[in-house]
Amino acid sequence: MHDINAIRKDPEAFDAGLQKRKLEAQSADLLAKDDARRAAIGVAQDLQTKRNEASKKIGQAKGKGDEAEAQRLMDEVAGLKDSLQQAEEAERTLSQELNAMLAVLPNTLFDDVPIGADENDNVEVRKSGEPKPGEKEHFEIGEALGMDFETAAALSGARFVVLRDQLARLERALGNFMLDLHVQEFGYTEMSVPVLVRDEAMFGTGQLPKFSEDMFRTEEGFWLTSTSEVTLTNTVREKISDAVDLPIRVTALTQCFRSEAGSAGRDTRGMIRLHQFSKVELVSIVDAQSGEAELERKTKCAEEVLKRLGLAYRVVQLCSGDVGFGARKTYDLEVWLPGQNAYREISSVSYCGDFQGRRMNARYRAEGEKSTHYVHTLNGSGLAVGRTLVAVLENYVNADGSVTIPEVLQPYMGGQTLIKPKE
RNA sequence: GGAGAGGUGGCUGAGUGGUUUAAAGCGGCGGUCUUGAAAACCGUUGAGCGUUUGCGCGUUCCGGGGGUUCGAAUCCCUCCCUCUCCGCCA
(Lines give C-alpha, C1' and ligand atoms only; values in the text may rest on other atoms or scores of the structure.)
Protein backbone atom coordinates (compact mmCIF):
# COMPACT_ATOMS: atom_id res chain seq x y z
CA MET A 1 0.00 0.00 0.00
CA HIS A 2 1.29 3.43 -0.90
CA ASP A 3 1.42 6.39 1.45
CA ILE A 4 -0.93 9.06 0.13
CA ASN A 5 1.13 11.72 1.92
CA ALA A 6 4.21 10.68 0.01
CA ILE A 7 2.27 10.83 -3.25
CA ARG A 8 1.04 14.32 -2.37
CA LYS A 9 4.57 15.43 -1.61
CA ASP A 10 6.05 14.19 -4.88
CA PRO A 11 3.45 13.12 -7.45
CA GLU A 12 5.94 13.15 -10.34
CA ALA A 13 8.17 10.59 -8.64
CA PHE A 14 5.16 8.40 -7.92
CA ASP A 15 3.99 8.48 -11.53
CA ALA A 16 7.51 7.78 -12.73
CA GLY A 17 7.46 4.70 -10.50
CA LEU A 18 4.21 3.51 -12.05
CA GLN A 19 5.61 4.13 -15.49
CA LYS A 20 8.51 1.81 -14.71
CA ARG A 21 5.83 -0.82 -14.08
CA LYS A 22 4.20 0.05 -17.42
CA LEU A 23 1.22 1.63 -15.69
CA GLU A 24 -0.50 4.92 -16.45
CA ALA A 25 0.10 7.96 -14.27
CA GLN A 26 -2.48 8.07 -11.50
CA SER A 27 -1.34 10.74 -9.08
CA ALA A 28 -3.84 13.29 -10.45
CA ASP A 29 -6.81 10.98 -9.83
CA LEU A 30 -5.50 9.93 -6.43
CA LEU A 31 -4.85 13.48 -5.29
CA ALA A 32 -8.24 14.68 -6.50
CA LYS A 33 -9.86 11.94 -4.42
CA ASP A 34 -7.60 12.79 -1.51
CA ASP A 35 -8.51 16.49 -1.69
CA ALA A 36 -12.19 15.63 -1.65
CA ARG A 37 -11.61 13.28 1.26
CA ARG A 38 -9.75 15.85 3.32
CA ALA A 39 -12.36 18.50 2.61
CA ALA A 40 -15.03 16.07 3.81
CA ILE A 41 -13.04 15.43 6.98
CA GLY A 42 -12.89 19.16 7.64
CA VAL A 43 -16.64 19.57 7.19
CA ALA A 44 -17.40 16.60 9.41
CA GLN A 45 -15.03 17.77 12.12
CA ASP A 46 -16.53 21.26 12.24
CA LEU A 47 -19.97 19.77 12.72
CA GLN A 48 -18.66 17.38 15.36
CA THR A 49 -17.15 20.28 17.26
CA LYS A 50 -20.50 22.11 17.23
CA ARG A 51 -22.34 19.00 18.34
CA ASN A 52 -19.89 18.29 21.16
CA GLU A 53 -20.18 21.84 22.49
CA ALA A 54 -23.97 21.78 22.37
CA SER A 55 -24.18 18.35 23.99
CA LYS A 56 -21.96 19.48 26.80
CA LYS A 57 -24.23 22.42 27.52
CA ILE A 58 -27.31 20.22 27.47
CA GLY A 59 -25.67 17.90 29.94
CA GLN A 60 -24.83 20.82 32.21
CA ALA A 61 -28.35 22.21 32.04
CA LYS A 62 -29.83 18.82 32.87
CA GLY A 63 -27.38 18.45 35.70
CA LYS A 64 -28.72 21.67 37.17
CA GLY A 65 -32.29 20.50 36.67
CA ASP A 66 -33.06 23.26 34.19
CA GLU A 67 -35.24 21.22 31.79
CA ALA A 68 -36.52 24.28 29.92
CA GLU A 69 -33.02 25.45 29.06
CA ALA A 70 -32.03 21.91 28.05
CA GLN A 71 -35.04 21.66 25.75
CA ARG A 72 -34.24 25.05 24.22
CA LEU A 73 -30.68 23.91 23.44
CA MET A 74 -31.87 20.62 22.02
CA ASP A 75 -34.22 22.42 19.63
CA GLU A 76 -31.35 24.64 18.62
CA VAL A 77 -29.18 21.75 17.39
CA ALA A 78 -32.00 19.66 15.97
CA GLY A 79 -30.87 20.23 12.39
CA LEU A 80 -27.29 19.28 13.11
CA LYS A 81 -27.82 15.56 13.21
CA ASP A 82 -28.77 15.06 9.59
CA SER A 83 -25.99 17.18 8.18
CA LEU A 84 -23.46 15.49 10.44
CA GLN A 85 -24.55 12.04 9.34
CA GLN A 86 -24.29 13.10 5.72
CA ALA A 87 -20.83 14.53 6.29
CA GLU A 88 -19.63 11.40 8.05
CA GLU A 89 -21.05 9.22 5.29
CA ALA A 90 -19.27 11.32 2.65
CA GLU A 91 -16.00 11.05 4.55
CA ARG A 92 -16.39 7.27 4.87
CA THR A 93 -17.19 6.77 1.22
CA LEU A 94 -14.31 8.90 -0.01
CA SER A 95 -11.83 7.16 2.29
CA GLN A 96 -12.99 3.76 1.10
CA GLU A 97 -12.72 4.84 -2.52
CA LEU A 98 -9.22 6.17 -2.02
CA ASN A 99 -8.13 3.02 -0.22
CA ALA A 100 -9.59 0.84 -2.94
CA MET A 101 -7.57 2.79 -5.52
CA LEU A 102 -4.38 2.46 -3.49
CA ALA A 103 -4.89 -1.23 -2.64
CA VAL A 104 -4.44 -2.39 -6.24
CA LEU A 105 -1.29 -0.41 -7.02
CA PRO A 106 1.99 -2.36 -7.01
CA ASN A 107 5.00 -1.39 -4.93
CA THR A 108 7.57 1.10 -6.23
CA LEU A 109 10.68 -0.47 -7.73
CA PHE A 110 14.15 0.46 -6.55
CA ASP A 111 16.23 2.57 -8.90
CA ASP A 112 18.65 -0.31 -9.49
CA VAL A 113 15.92 -2.60 -10.86
CA PRO A 114 16.75 -3.05 -14.56
CA ILE A 115 14.11 -2.08 -17.11
CA GLY A 116 12.66 -5.00 -19.02
CA ALA A 117 9.50 -6.64 -20.31
CA ASP A 118 9.56 -10.14 -18.86
CA GLU A 119 11.81 -12.87 -17.43
CA ASN A 120 13.99 -12.82 -20.54
CA ASP A 121 15.27 -9.39 -19.49
CA ASN A 122 16.34 -10.46 -16.01
CA VAL A 123 20.01 -9.80 -15.29
CA GLU A 124 22.42 -12.49 -14.17
CA VAL A 125 24.23 -11.47 -10.99
CA ARG A 126 26.45 -14.48 -10.30
CA LYS A 127 26.83 -18.16 -11.01
CA SER A 128 27.92 -21.12 -8.94
CA GLY A 129 28.88 -24.65 -9.97
CA GLU A 130 29.30 -26.31 -13.34
CA PRO A 131 26.14 -27.11 -15.33
CA LYS A 132 26.15 -30.83 -16.17
CA PRO A 133 24.85 -32.40 -19.34
CA GLY A 134 21.94 -34.78 -19.04
CA GLU A 135 19.23 -36.46 -21.09
CA LYS A 136 16.42 -37.40 -18.79
CA GLU A 137 13.81 -35.21 -17.26
CA HIS A 138 12.84 -35.79 -13.66
CA PHE A 139 9.53 -37.46 -14.46
CA GLU A 140 11.33 -40.04 -16.60
CA ILE A 141 13.82 -40.70 -13.81
CA GLY A 142 11.18 -40.60 -11.11
CA GLU A 143 8.77 -43.02 -12.73
CA ALA A 144 10.81 -46.06 -11.70
CA LEU A 145 11.49 -44.65 -8.24
CA GLY A 146 7.93 -43.97 -7.09
CA MET A 147 6.77 -40.75 -8.73
CA ASP A 148 3.14 -41.44 -9.62
CA PHE A 149 1.08 -38.95 -11.59
CA GLU A 150 -1.62 -41.44 -12.57
CA THR A 151 -2.68 -42.14 -9.03
CA ALA A 152 -2.53 -38.44 -8.24
CA ALA A 153 -4.77 -37.73 -11.24
CA ALA A 154 -7.28 -40.29 -10.03
CA LEU A 155 -7.31 -38.65 -6.62
CA SER A 156 -7.18 -34.99 -7.53
CA GLY A 157 -6.72 -34.41 -11.26
CA ALA A 158 -3.93 -32.74 -13.18
CA ARG A 159 -1.05 -30.90 -11.48
CA PHE A 160 -0.78 -33.16 -8.46
CA VAL A 161 1.74 -35.85 -7.60
CA VAL A 162 1.98 -38.90 -5.39
CA LEU A 163 5.45 -39.82 -4.16
CA ARG A 164 6.09 -43.31 -2.86
CA ASP A 165 8.65 -44.91 -0.63
CA GLN A 166 12.16 -43.53 -1.08
CA LEU A 167 11.06 -40.46 -3.03
CA ALA A 168 8.60 -39.57 -0.30
CA ARG A 169 11.40 -39.91 2.21
CA LEU A 170 13.76 -37.88 0.04
CA GLU A 171 11.24 -35.04 -0.08
CA ARG A 172 10.96 -35.13 3.69
CA ALA A 173 14.76 -35.24 4.01
CA LEU A 174 15.11 -32.15 1.83
CA GLY A 175 12.60 -30.19 3.89
CA ASN A 176 14.22 -31.18 7.16
CA PHE A 177 17.70 -30.41 5.89
CA MET A 178 16.65 -26.92 4.79
CA LEU A 179 14.86 -26.13 8.05
CA ASP A 180 17.78 -27.32 10.15
CA LEU A 181 20.23 -25.23 8.13
CA HIS A 182 18.23 -22.03 8.47
CA VAL A 183 17.48 -22.58 12.14
CA GLN A 184 20.87 -23.78 13.32
CA GLU A 185 23.19 -21.69 11.17
CA PHE A 186 21.24 -18.60 10.15
CA GLY A 187 19.23 -17.85 13.26
CA TYR A 188 15.71 -18.34 11.91
CA THR A 189 12.98 -19.44 14.31
CA GLU A 190 11.01 -22.46 13.12
CA MET A 191 7.25 -21.96 13.00
CA SER A 192 4.28 -24.24 12.45
CA VAL A 193 1.45 -22.20 10.98
CA PRO A 194 -2.06 -22.60 9.51
CA VAL A 195 -2.53 -23.02 5.77
CA LEU A 196 -6.10 -21.66 5.92
CA VAL A 197 -6.35 -17.92 6.50
CA ARG A 198 -8.84 -15.09 6.42
CA ASP A 199 -9.18 -12.20 3.98
CA GLU A 200 -7.25 -9.80 6.21
CA ALA A 201 -4.09 -11.90 6.12
CA MET A 202 -4.22 -12.19 2.34
CA PHE A 203 -4.72 -8.44 2.06
CA GLY A 204 -1.79 -7.77 4.37
CA THR A 205 0.78 -9.45 2.15
CA GLY A 206 -0.86 -8.25 -1.08
CA GLN A 207 -2.50 -11.38 -2.54
CA LEU A 208 -5.86 -9.65 -2.10
CA PRO A 209 -7.75 -7.87 -3.51
CA LYS A 210 -6.08 -8.27 -6.89
CA PHE A 211 -5.03 -11.90 -7.16
CA SER A 212 -7.96 -13.88 -5.78
CA GLU A 213 -8.14 -16.07 -8.88
CA ASP A 214 -4.65 -17.43 -8.25
CA MET A 215 -5.71 -19.04 -4.99
CA PHE A 216 -8.10 -21.67 -3.66
CA ARG A 217 -10.93 -20.79 -1.32
CA THR A 218 -13.00 -23.01 0.93
CA GLU A 219 -16.78 -22.84 1.12
CA GLU A 220 -16.43 -21.34 4.58
CA GLY A 221 -14.47 -18.42 3.15
CA PHE A 222 -10.95 -19.43 4.15
CA TRP A 223 -8.11 -19.03 1.67
CA LEU A 224 -5.50 -21.75 1.23
CA THR A 225 -2.14 -20.06 1.53
CA SER A 226 -0.19 -19.90 -1.72
CA THR A 227 2.98 -19.47 0.35
CA SER A 228 3.71 -19.33 4.06
CA GLU A 229 5.01 -15.80 3.44
CA VAL A 230 1.37 -14.92 4.18
CA THR A 231 1.20 -16.49 7.62
CA LEU A 232 4.77 -15.76 8.71
CA THR A 233 4.58 -12.09 7.71
CA ASN A 234 1.11 -11.53 9.17
CA THR A 235 2.28 -12.69 12.61
CA VAL A 236 3.03 -9.00 13.27
CA ARG A 237 -0.22 -7.68 11.81
CA GLU A 238 -1.80 -4.88 13.93
CA LYS A 239 1.12 -4.98 16.35
CA ILE A 240 3.70 -2.50 17.54
CA SER A 241 7.05 -4.21 18.02
CA ASP A 242 9.98 -2.88 20.01
CA ALA A 243 12.99 -2.09 17.85
CA VAL A 244 15.16 -4.27 20.08
CA ASP A 245 13.14 -7.30 18.97
CA LEU A 246 14.07 -6.70 15.33
CA PRO A 247 15.02 -8.31 13.09
CA ILE A 248 12.48 -11.10 13.46
CA ARG A 249 13.58 -14.03 11.31
CA VAL A 250 11.12 -16.91 10.93
CA THR A 251 10.89 -19.99 8.76
CA ALA A 252 8.30 -22.66 8.10
CA LEU A 253 7.89 -25.76 5.96
CA THR A 254 4.34 -25.84 4.62
CA GLN A 255 2.24 -27.07 1.78
CA CYS A 256 1.46 -24.28 -0.68
CA PHE A 257 -1.65 -24.14 -2.85
CA ARG A 258 -1.96 -22.34 -6.17
CA SER A 259 -4.72 -22.47 -8.73
CA GLU A 260 -2.26 -21.73 -11.57
CA ALA A 261 -5.16 -20.06 -13.35
CA GLY A 262 -3.02 -18.23 -15.90
CA SER A 263 -0.56 -20.98 -16.71
CA ALA A 264 -2.54 -23.48 -18.78
CA GLY A 265 -0.17 -25.40 -21.02
CA ARG A 266 2.99 -24.38 -19.12
CA ASP A 267 5.03 -27.11 -17.45
CA THR A 268 2.17 -29.53 -17.77
CA ARG A 269 4.31 -32.62 -17.26
CA GLY A 270 6.12 -33.46 -14.09
CA MET A 271 6.24 -31.72 -10.76
CA ILE A 272 7.59 -28.30 -11.73
CA ARG A 273 4.20 -26.60 -11.52
CA LEU A 274 1.65 -28.18 -9.18
CA HIS A 275 -1.49 -27.06 -7.41
CA GLN A 276 0.06 -28.26 -4.16
CA PHE A 277 3.74 -28.30 -3.25
CA SER A 278 5.89 -27.99 -0.18
CA LYS A 279 8.21 -25.08 0.41
CA VAL A 280 10.49 -23.78 3.12
CA GLU A 281 9.87 -20.06 3.48
CA LEU A 282 12.14 -17.43 5.02
CA VAL A 283 10.58 -14.21 6.32
CA SER A 284 12.25 -11.24 7.98
CA ILE A 285 10.64 -8.32 9.78
CA VAL A 286 13.17 -5.49 9.99
CA ASP A 287 13.46 -1.76 10.65
CA ALA A 288 13.60 0.86 7.93
CA GLN A 289 17.39 0.88 7.72
CA SER A 290 18.16 -2.85 7.51
CA GLY A 291 16.11 -4.00 4.53
CA GLU A 292 18.67 -3.96 1.76
CA ALA A 293 21.36 -5.70 3.79
CA GLU A 294 18.78 -8.28 4.86
CA LEU A 295 17.88 -8.94 1.23
CA GLU A 296 21.52 -9.84 0.48
CA ARG A 297 21.74 -11.94 3.64
CA LYS A 298 18.56 -13.87 2.89
CA THR A 299 19.64 -14.54 -0.67
CA LYS A 300 22.87 -16.03 0.69
CA CYS A 301 20.87 -18.22 3.10
CA ALA A 302 18.87 -19.66 0.21
CA GLU A 303 21.98 -20.08 -1.95
CA GLU A 304 23.68 -22.05 0.80
CA VAL A 305 21.07 -24.79 0.44
CA LEU A 306 22.00 -25.24 -3.21
CA LYS A 307 25.71 -25.12 -2.48
CA ARG A 308 25.53 -27.82 0.13
CA LEU A 309 23.45 -29.99 -2.16
CA GLY A 310 26.14 -29.55 -4.82
CA LEU A 311 23.72 -28.08 -7.34
CA ALA A 312 24.78 -25.57 -9.98
CA TYR A 313 22.74 -22.40 -10.00
CA ARG A 314 22.72 -18.75 -10.88
CA VAL A 315 21.33 -15.67 -9.21
CA VAL A 316 19.36 -13.25 -11.38
CA GLN A 317 17.95 -9.89 -10.52
CA LEU A 318 14.40 -9.55 -11.78
CA CYS A 319 13.73 -6.78 -14.28
CA SER A 320 10.92 -4.25 -13.92
CA GLY A 321 8.47 -6.41 -15.85
CA ASP A 322 9.00 -9.46 -13.64
CA VAL A 323 9.13 -8.12 -10.08
CA GLY A 324 6.01 -9.13 -8.16
CA PHE A 325 3.24 -6.84 -6.94
CA GLY A 326 4.47 -6.32 -3.38
CA ALA A 327 8.22 -6.21 -3.97
CA ARG A 328 10.66 -3.36 -4.55
CA LYS A 329 13.53 -5.62 -5.58
CA THR A 330 13.81 -9.35 -6.15
CA TYR A 331 16.54 -11.94 -6.70
CA ASP A 332 15.61 -15.28 -8.16
CA LEU A 333 17.74 -18.38 -7.68
CA GLU A 334 17.70 -20.61 -10.72
CA VAL A 335 18.95 -24.17 -10.39
CA TRP A 336 20.50 -26.05 -13.27
CA LEU A 337 18.24 -28.83 -14.59
CA PRO A 338 20.23 -31.11 -16.93
CA GLY A 339 17.09 -32.80 -18.24
CA GLN A 340 15.70 -29.49 -19.41
CA ASN A 341 19.15 -28.16 -20.28
CA ALA A 342 18.15 -24.93 -18.56
CA TYR A 343 18.22 -22.93 -15.35
CA ARG A 344 14.83 -22.96 -13.64
CA GLU A 345 13.52 -20.83 -10.80
CA ILE A 346 13.79 -22.53 -7.42
CA SER A 347 13.66 -19.53 -5.10
CA SER A 348 12.55 -15.93 -5.16
CA VAL A 349 13.82 -13.49 -2.54
CA SER A 350 12.14 -10.09 -2.23
CA TYR A 351 12.39 -6.88 -0.27
CA CYS A 352 9.02 -5.18 0.15
CA GLY A 353 9.98 -2.01 2.05
CA ASP A 354 7.05 -0.87 4.21
CA PHE A 355 4.45 -1.86 1.57
CA GLN A 356 3.17 -4.87 3.51
CA GLY A 357 3.77 -3.21 6.87
CA ARG A 358 1.37 -0.45 5.89
CA ARG A 359 -1.24 -2.93 4.63
CA MET A 360 -0.97 -4.89 7.89
CA ASN A 361 -0.71 -1.83 10.11
CA ALA A 362 2.40 -3.47 11.57
CA ARG A 363 4.70 -0.99 13.27
CA TYR A 364 7.76 -0.75 15.46
CA ARG A 365 9.00 1.83 17.89
CA ALA A 366 12.65 2.81 17.65
CA GLU A 367 14.57 3.11 20.87
CA GLY A 368 14.20 6.52 22.49
CA GLU A 369 11.60 7.58 19.92
CA LYS A 370 7.97 8.30 20.62
CA SER A 371 6.58 7.87 17.13
CA THR A 372 6.14 4.56 15.37
CA HIS A 373 7.26 3.40 11.94
CA TYR A 374 5.92 0.72 9.66
CA VAL A 375 7.96 -2.47 9.68
CA HIS A 376 9.85 -3.46 6.56
CA THR A 377 9.39 -7.01 5.34
CA LEU A 378 11.29 -9.55 3.27
CA ASN A 379 10.44 -13.02 2.10
CA GLY A 380 12.17 -15.74 0.17
CA SER A 381 11.99 -19.42 -0.56
CA GLY A 382 14.64 -21.46 1.08
CA LEU A 383 13.82 -23.46 -1.06
CA ALA A 384 10.86 -24.85 -3.02
CA VAL A 385 11.16 -28.47 -1.90
CA GLY A 386 9.43 -30.09 -4.89
CA ARG A 387 11.65 -28.34 -7.39
CA THR A 388 14.70 -29.17 -5.32
CA LEU A 389 13.72 -32.83 -5.53
CA VAL A 390 13.52 -32.42 -9.30
CA ALA A 391 16.99 -30.88 -9.35
CA VAL A 392 18.50 -33.65 -7.21
CA LEU A 393 17.03 -36.33 -9.46
CA GLU A 394 18.26 -34.76 -12.70
CA ASN A 395 21.71 -33.88 -11.36
CA TYR A 396 22.43 -37.09 -9.44
CA VAL A 397 20.95 -39.73 -11.72
CA ASN A 398 23.30 -42.55 -12.69
CA ALA A 399 23.46 -44.53 -15.94
CA ASP A 400 21.51 -47.44 -14.41
CA GLY A 401 18.61 -45.21 -13.34
CA SER A 402 19.60 -45.06 -9.69
CA VAL A 403 20.08 -41.71 -7.96
CA THR A 404 22.96 -40.88 -5.63
CA ILE A 405 21.92 -39.16 -2.42
CA PRO A 406 23.85 -35.90 -1.85
CA GLU A 407 26.07 -36.26 1.19
CA VAL A 408 24.28 -33.65 3.34
CA LEU A 409 21.01 -35.54 2.91
CA GLN A 410 22.35 -38.95 3.85
CA PRO A 411 21.87 -38.46 7.60
CA TYR A 412 18.24 -37.64 6.85
CA MET A 413 17.93 -40.84 4.79
CA GLY A 414 19.15 -43.19 7.49
CA GLY A 415 22.65 -43.24 6.01
CA GLN A 416 21.41 -44.39 2.62
CA THR A 417 23.68 -43.30 -0.27
CA LEU A 418 21.63 -44.41 -3.25
CA ILE A 419 18.02 -44.92 -4.27
CA LYS A 420 17.41 -47.59 -6.88
CA PRO A 421 14.53 -48.56 -9.15
CA LYS A 422 12.59 -51.61 -7.97
CA GLU A 423 13.70 -54.82 -9.75
C1' G B 1 -23.39 -28.75 16.82
C1' G B 2 -26.16 -27.02 21.82
C1' A B 3 -25.95 -23.67 26.19
C1' G B 4 -23.56 -19.77 28.74
C1' A B 5 -19.80 -15.88 29.93
C1' G B 6 -16.70 -12.37 27.97
C1' G B 7 -13.42 -8.73 24.49
C1' U B 8 -11.49 -1.54 27.78
C1' G B 9 -4.44 1.61 26.57
C1' G B 10 2.33 -2.07 26.59
C1' C B 11 -0.06 -5.39 30.83
C1' U B 12 -3.89 -6.06 34.93
C1' G B 13 -8.46 -3.87 35.58
C1' A B 14 -12.81 -0.14 37.21
C1' G B 15 -16.45 2.16 34.55
C1' U B 16 -24.76 0.42 32.80
C1' G B 17 -26.61 7.35 28.84
C1' G B 18 -24.23 13.49 30.49
C1' U B 19 -21.77 17.57 34.35
C1' U B 20 -13.26 18.73 32.17
C1' U B 21 -10.00 14.62 30.03
C1' A B 22 -11.45 6.02 30.44
C1' A B 23 -10.37 5.46 37.63
C1' A B 24 -6.57 2.76 39.85
C1' G B 25 -2.42 -0.43 39.82
C1' C B 26 1.80 -2.64 37.19
C1' G B 27 5.50 -1.76 33.62
C1' G B 28 8.46 2.18 30.94
C1' C B 29 10.90 7.05 31.11
C1' G B 30 12.73 11.44 33.98
C1' G B 31 13.86 13.47 38.76
C1' U B 32 14.77 13.79 44.37
C1' C B 33 17.67 11.02 47.87
C1' U B 34 22.48 7.88 47.60
C1' U B 35 29.63 6.89 46.85
C1' G B 36 26.65 3.68 43.48
C1' A B 37 22.32 0.76 43.34
C1' A B 38 17.76 -0.80 45.57
C1' A B 39 13.65 1.04 48.30
C1' A B 40 10.73 5.29 49.06
C1' C B 41 8.80 9.78 47.18
C1' C B 42 7.62 13.36 43.06
C1' G B 43 6.65 13.95 37.98
C1' U B 44 5.72 11.82 33.25
C1' U B 45 3.96 8.04 29.83
C1' G B 46 -1.66 5.30 24.09
C1' A B 47 -2.55 5.10 18.50
C1' G B 48 -4.30 7.70 14.26
C1' C B 49 -6.33 11.66 11.25
C1' G B 50 -7.22 16.97 9.89
C1' U B 51 -5.16 21.83 10.34
C1' U B 52 -0.85 25.04 11.43
C1' U B 53 5.91 27.85 9.72
C1' G B 54 5.67 26.48 14.77
C1' C B 55 3.60 26.41 19.82
C1' G B 56 -0.96 24.56 19.36
C1' C B 57 -6.10 23.71 18.11
C1' G B 58 -9.77 20.23 16.51
C1' U B 59 -11.36 15.26 15.78
C1' U B 60 -11.68 9.84 15.87
C1' C B 61 -10.55 5.26 18.35
C1' C B 62 -13.01 0.91 24.56
C1' G B 63 -12.90 -6.44 19.20
C1' G B 64 -14.77 -4.90 13.51
C1' G B 65 -18.91 -2.60 10.96
C1' G B 66 -23.68 -0.22 11.14
C1' G B 67 -27.75 2.10 14.06
C1' U B 68 -30.73 4.77 18.15
C1' U B 69 -29.87 9.65 20.82
C1' C B 70 -28.83 16.64 21.47
C1' G B 71 -25.06 13.24 23.71
C1' A B 72 -22.81 6.06 23.57
C1' A B 73 -17.24 2.26 26.41
C1' U B 74 -22.46 2.06 28.34
C1' C B 75 -28.64 0.88 24.53
C1' C B 76 -29.96 -1.91 19.62
C1' C B 77 -28.46 -4.85 15.07
C1' U B 78 -24.68 -7.62 12.74
C1' C B 79 -20.00 -9.95 12.11
C1' C B 80 -15.26 -11.62 14.28
C1' C B 81 -12.57 -13.56 18.30
C1' U B 82 -11.61 -15.76 23.36
C1' C B 83 -13.13 -18.73 27.50
C1' U B 84 -16.46 -22.43 30.28
C1' C B 85 -19.86 -26.67 30.24
C1' C B 86 -22.24 -30.50 27.13
C1' G B 87 -21.99 -33.40 22.49
C1' C B 88 -18.78 -35.23 18.62
C1' C B 89 -13.77 -36.12 17.40
C1' A B 90 -7.48 -36.99 15.44
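Heavy-atom basis, side chains included; hydrogens, waters and symmetry copies ignored. Here is the naming used below: chain letters follow the sequence lines, and residue numbers restart at 1 for every chain.
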>> What's the gap between B/U84 and B/U32 when it is taken at their P atoms, as a whole Å value?
In response: 50 Å
> Who is the Watson-Crick or G-U wobble partner of B/U68, with both distances under 3.5 Å?
Replying inline: none
>> Would the distance check show the side chain of A/His373 and the main-chain N or O of A/Asp287 forming a donor-acceptor pair, the cut-off being under 3.5 Å?
In response: no
> Between A/Ala54 and A/Asn361, who's closer to the 5' end of RNA chain B by nearest nucleotide?
Replying inline: A/Asn361
> Does B/G87 have a Watson-Crick or wobble partner in any strand here, with both distances under 3.5 angstrom, and which is it?
Replying inline: none
>> Does A/Arg72 reach a base, just sugar-phosphate, or nothing at all? Heavy atoms under 4.0 Å.
In response: nothing
> Using the P atom in both, what is the distance from B/A23 to B/U44, to the nearest Å?
Replying inline: 13 Å
> Which whole number of Å gives the distance between the P atom of B/C81 and that of B/G10?
Replying inline: 23 Å
>> Once you apply a heavy-atom cut-off of 4.0 Å, does A/Gln85 come out as touching a base, just sugar-phosphate, or nothing?
In response: sugar-phosphate
>> With rounding to the nearest 0.5 angstrom, report the CG to CD distance, A/Leu232 to A/Glu281.
In response: 6.5 Å
> Using purine N1 to pyrimidine N3 plus N6-O4 or O6-N4 for Watson-Crick, or N1-O2 and O6-N3 for G-U wobble, each under 3.5 Å, what pairs with B/U21?
Replying inline: none
> If the P atom of B/A90 is compared with that of B/A3, how far apart are they to the nearest Å?
Replying inline: 25 Å
>> To check you understand the geometry: which heavy-atom pair defines the closest contact between A/Tyr351 and A/Thr377, and what is its length?
In response: CD1-O, 3.6 Å
> Hey, is the side chain of A/Arg51 poking within less than 4.0 Å of OP1 or OP2 on B/U69, counting only N and O atoms?
Replying inline: no
> When the P atoms of B/U8 and B/G71 are considered, how many whole Å apart are they?
Replying inline: 27 Å
> Is A/Gln48 touching bases, backbone alone, or none of the nucleic acid, heavy atoms closer than 4.0 Å?
Replying inline: sugar-phosphate
>> Would the distance check show the side chain of A/Ser259 and the main-chain N or O of A/Asp214 forming a donor-acceptor pair, the cut-off being under 3.5 Å?
In response: yes
> On a whole-Å scale, what distance lies between the P atoms belonging to B/A47 and B/A37?
Replying inline: 29 Å
> Nearest to the side chain of A/Arg363 - B/C70, B/G58, B/A47?
Replying inline: B/A47
> Contact class for A/Asn52 (heavy atom, under 4.0 Å): base, sugar-phosphate, or nothing?
Replying inline: sugar-phosphate
> Roughly how far apart, to the nearest Å, are B/A40 and B/C26 at atom P?
Replying inline: 9 Å
> In the strands shown, is B/G30 matched to any nucleotide by a Watson-Crick or G-U wobble pair with both distances under 3.5 Å, and which?
Replying inline: B/C42
>> Pick the closest RNA chain B nucleotide for A/Leu84 and for A/Arg8 by heavy atoms, then say which residue is nearer the 5' end.
In response: A/Arg8
>> For a quick test of reading the model: is some side-chain N or O of A/Arg37 closer than 4.0 Å to OP1 or OP2 of B/C49?
In response: no
> What interatomic distance, in whole Å, is found between C1' of B/G54 and the corresponding atom of B/A72?
Replying inline: 36 Å
